[in-house]
Trainee: 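One structure follows; several queries about it will come next.
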Amino acid sequence: MKVLVLVILSVLSFSVPCTTSDPILTADFLHCLTNHSHYSTSPISEAIYTYQNTSFQPALLAYIRNRRYSTPTTPKPLAIVAAKHESHVQSTVICAQQHGFQIRIRSGGHDFEGLSYVSSGTPFVMLDMSNLRSIDINVTDESAWVESGATLGELYFNIGNKSNVHGFPAGVCPTVGIGGHLSGGGYGPLMRKYGLTVDNVVDAKLVNANGTMLDRKSMGEDLFWAIRGGGASFGVVMSWKIKLVPVPTRVTVFNVLRTLEQGAIDTVHRWQYVAPKLPKEIFIRAMLQVKQNSTSGKLAMQVSFICHYLGDSEKLLSLMNQSFPELGLQQSDCFEMSWVESTVFWGNHPIRTPATVLLDRPMGPPDFFKGKSDYVKEPIPKHGKNRYWT
């Protein structure tokens with residue numbers, strides 16, 4: 001069954017049973033953390049932020065992507081543990097379990113509903129994974145270990161630094177955290193060729209609810225299956241071993257805009273039937289947008305057809321003109337580049353932007369918004385599209 005993906009979000013959250021808290025219980029929790037973490041190089045006390053700490057608010061806001069969840073009335077964690085070592089994660093899980101606190105786990109903060117840093121009506125602790133971001137690429141066996149606090153952009157950049165014939169099938173937004181993306185499934189431009197992100201995970205290091213560190217062998221295949229797409233309901237994944245996939249030295253991208261006057265409704269309608277039948281090396285995304293007309297000032301709908309092709313532009317142009325002539329693709333619309341450069345393009349940066357932009361980590365919530373995911377199992381009829389275009 002073919003499914004058209006409209007919007008993709010990923011969420012990372014993990015909870016343990018919770019009870020009512022008080023200042024004494026909170027102090028006991030902090031004492032518990034110290035007792036259970038004995039990593040002398042980076043003591044856990046240096047990773048804890050509470051209301052009494054002037055860095056608490058900046059640490060909380062740093063990776064919030066939606067200002068709806070940074071208001072004065074938004075529930076705040078009792079403490080933030082910005083883990084710098086696996087023992088900090090284990091201690092947080094053990095002590096939260098003992099004190100009945102919920103845990104919220106944040107890597108990139110792209111859960112648009114705030115589930116990795118908000119918990120309504122119950123005392124909770126936030127485990128911030130952003131310091132745990134090491135990436136080890138092994139081109140020889142075509143694999144990599146990546147910690148959950150790294151971002152997709154950091155992973156892409158490191159792969160591109162090591163090889164021009166390897167890539168990884170994951171999302172288009174470079175600031176998404178690895179932890180949330182992989183635990184949520186992972187959609188991206190290479191998925192028609194190589195499947196979801198989690199289809200390319202071969203091992204993981206997980207801290208379970210007892211604070212025990214497990215790998216694929218010790219956790220068993222059932223749990224390993226569950227953590228790949230089942231969210232973080234089963235523990236805190238410290239790191240993931242992924243398999244790299246082969247890509248050509250040059251790939252081709254395009255972003256073609258069509259307005260209502262240019263037949264956008266008919267083109268979208270046709271896209272629904274064409275896109276699933278194209279060669280698996282081609283991924284085309286149709287993005288609906290509302291733009292203001294520069295002449296009349298009125299708002300109008302338009303659609304961007306954004307493509308990624310594992311091959312050269314000449315071959316892509318031939319395939320598109322044969323299978324999707326309604327789009328009217330021209331050679332001038334197509335840009336050839338390396339795979340890592342294509343991840344910059346998908347990050348909505350101008351062509352020829354240096355790949356180092358993938359390392360950027362924007363701080364602070366940018367705006368108020370509401371995001372929603374949905375899927376359709378059958379093409380939307382043309383009369384249905386007319387309703388949301390007008």
Side-chain angles (χ1 to χ4, degrees), residues 9-16 18 20-23 25-34 37 42-85 88-89 91-93 95-96 99-133 147-151 154 173 175-181 183 231-232 236 360-371:
L9 308 177
S10 60
V11 175
L12 175 61
S13 63
F14 165 55
S15 62
V16 294
C18 60
T20 303
S21 180
D22 56 44
L25 191 59
T26 303
D28 287 345
F29 170 75
L30 298 178
H31 185 65
C32 177
L33 289 176
T34 303
S37 180
S42 183
I44 196 170
S45 58
E46 297 178 358
I48 301 172
Y49 301 92
T50 66
Y51 283 113
Q52 289 73 37
N53 192 307
T54 56
S55 298
F56 177 85
Q57 190 72 358
L60 176 63
L61 295 177
Y63 290 97
I64 292 179
R65 300 293 183 224
N66 191 340
R67 292 180 66 186
R68 291 172 59 214
Y69 301 103
S70 61
T71 67
T73 58
T74 302
K76 306 297 190 298
L78 297 172
I80 299 170
V81 181
K84 299 179 180 180
H85 186 262
H88 298 173
V89 175
S91 300
T92 303
V93 171
C95 295
H99 290 78
F101 294 160
Q102 286 194 347
I103 298 178
R104 288 293 181 262
I105 312 166
R106 185 173 73 179
S107 51
H110 273 261
D111 57 324
F112 292 161
E113 295 302 302
L115 297 181
S116 64
Y117 45 84
V118 175
S119 179
S120 300
T122 54
F124 71 102
V125 176
M126 188 179 79
L127 181 57
D128 189 325
M129 303 290 285
S130 60
N131 291 321
L132 300 172
R133 58 173 77 174
E147 289 190 311
S148 286
T151 64
E154 290 165 350
C173 186
T175 55
V176 166
I178 288 291
H181 193 66
S183 66
V236 183
D360 290 351
R361 289 194 172 212
M363 295 295 180
D367 208 347
F368 290 89
F369 66 91
K370 172 68 177 179

Trainee: If I take atom NE2 from residue H88 and atom OG from residue S42, how far apart are they, to the nearest 0.5 angstrom?
Mentor: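 Rounded to the nearest 0.5 Å, the NE2-OG separation comes to 4.5 Å.
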Trainee: Name all residues meeting the disulfide (SG to SG under 2.5 Å) criterion together with C173; count only those two or more places apart in sequence or in a different chain, and write none if there are none.
Mentor: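 In terms of disulfide (SG to SG under 2.5 Å), with neighbours along the sequence ignored, C173 is linked to no residue.
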Trainee: Side chains of H110 and H181: closer than 4.5 Å at any heavy-atom pair?
Mentor: no
Trainee: Output the distance between atom OH (Y63) and atom CG (D111), rounded to the nearest 0.5 Å.
Mentor: 14.0 Å
Trainee: Between R361 and S130, is there a side-chain heavy-atom distance shorter than 4.5 Å?
Mentor: yes
Trainee: Give, for atom CG of L78 and atom OG1 of T50, the distance between the pair rounded to the nearest 0.5 Å.
Mentor: 10.0 Å
Trainee: Minimum heavy-atom separation for V81 to V125, with atom names?
Mentor: CG2-CG1, 4.2 Å
Trainee: Indicate the atoms forming the closest heavy-atom contact of Y69 with E113, along with that distance.
Mentor: OH-OE1, 2.9 Å
Trainee: Are side-chain heavy atoms of P75 and V118 found at a separation under 4.5 Å?
Mentor: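 When only atoms from C-beta onward are counted, V118 and P75 do touch, with a gap below 4.5 Å.
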Trainee: Report yes if some heavy atom in the side chain of M129 is under 4.5 Å from a heavy atom in the side chain of V89; otherwise report no.
Mentor: yes
Trainee: Which pair of non-hydrogen atoms, one from R106 and one from A59, has the smallest distance, and what is that distance?
Mentor: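 Closest heavy-atom pair between R106 and A59: NH2-O, 2.9 Å.
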Trainee: To check you understand the geometry: which heavy-atom pair defines the closest contact between S91 and I44, and what is its length?
Mentor: CB-CD1, 4.1 Å
Trainee: Got a salt bridge between R67 and D367, using NZ or NE/NH1/NH2 to carboxylate O under 4.0 Å?
Mentor: no
Trainee: The criterion is side-chain contact (heavy atoms from CB on, under 4.5 Å); which residues satisfy it with N131, sequence neighbours excluded?
Mentor: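 side-chain contact (heavy atoms from CB on, under 4.5 Å) check on N131 returns A82, K84.
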Trainee: Drop me the distance from Q57's CD to K76's NZ, to the nearest 0.5 angstrom.
Mentor: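 Going from the CD atom of Q57 to the NZ atom of K76 covers 6.5 Å.
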Trainee: Quick one: are T92 and V236 in side-chain contact, heavy atoms under 4.5 Å?
Mentor: no
Trainee: Out of curiosity, L60 CG to S55 OG, how far, rounded to the nearest 0.5 Å?
Mentor: 12.0 Å
Trainee: Sequence neighbours excluded, which residues qualify as salt bridge (charged side-chain N to carboxylate O under 4.0 Å, His left out) partners of E147?
Mentor: none
Trainee: For the residue pair S116 and G109, what are the closest heavy atoms and their distance?
Mentor: OG-CA, 4.4 Å
Trainee: Closest approach of L132 and A83, non-hydrogen atoms and distance?
Mentor: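 That would be CG-O, 3.6 Å.
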Trainee: Return the NE2 to OG distance between H85 and S37, rounded to the nearest 0.5 Å.
Mentor: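 H85 NE2 to S37 OG: 8.0 Å, rounded to 0.5 Å.
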Trainee: Would you call the rings of F29 and H99 parallel, tilted or perpendicular if under 30° counts as parallel and over 60° as perpendicular?
Mentor: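 Answer is perpendicular, since the angle exceeds 60°.
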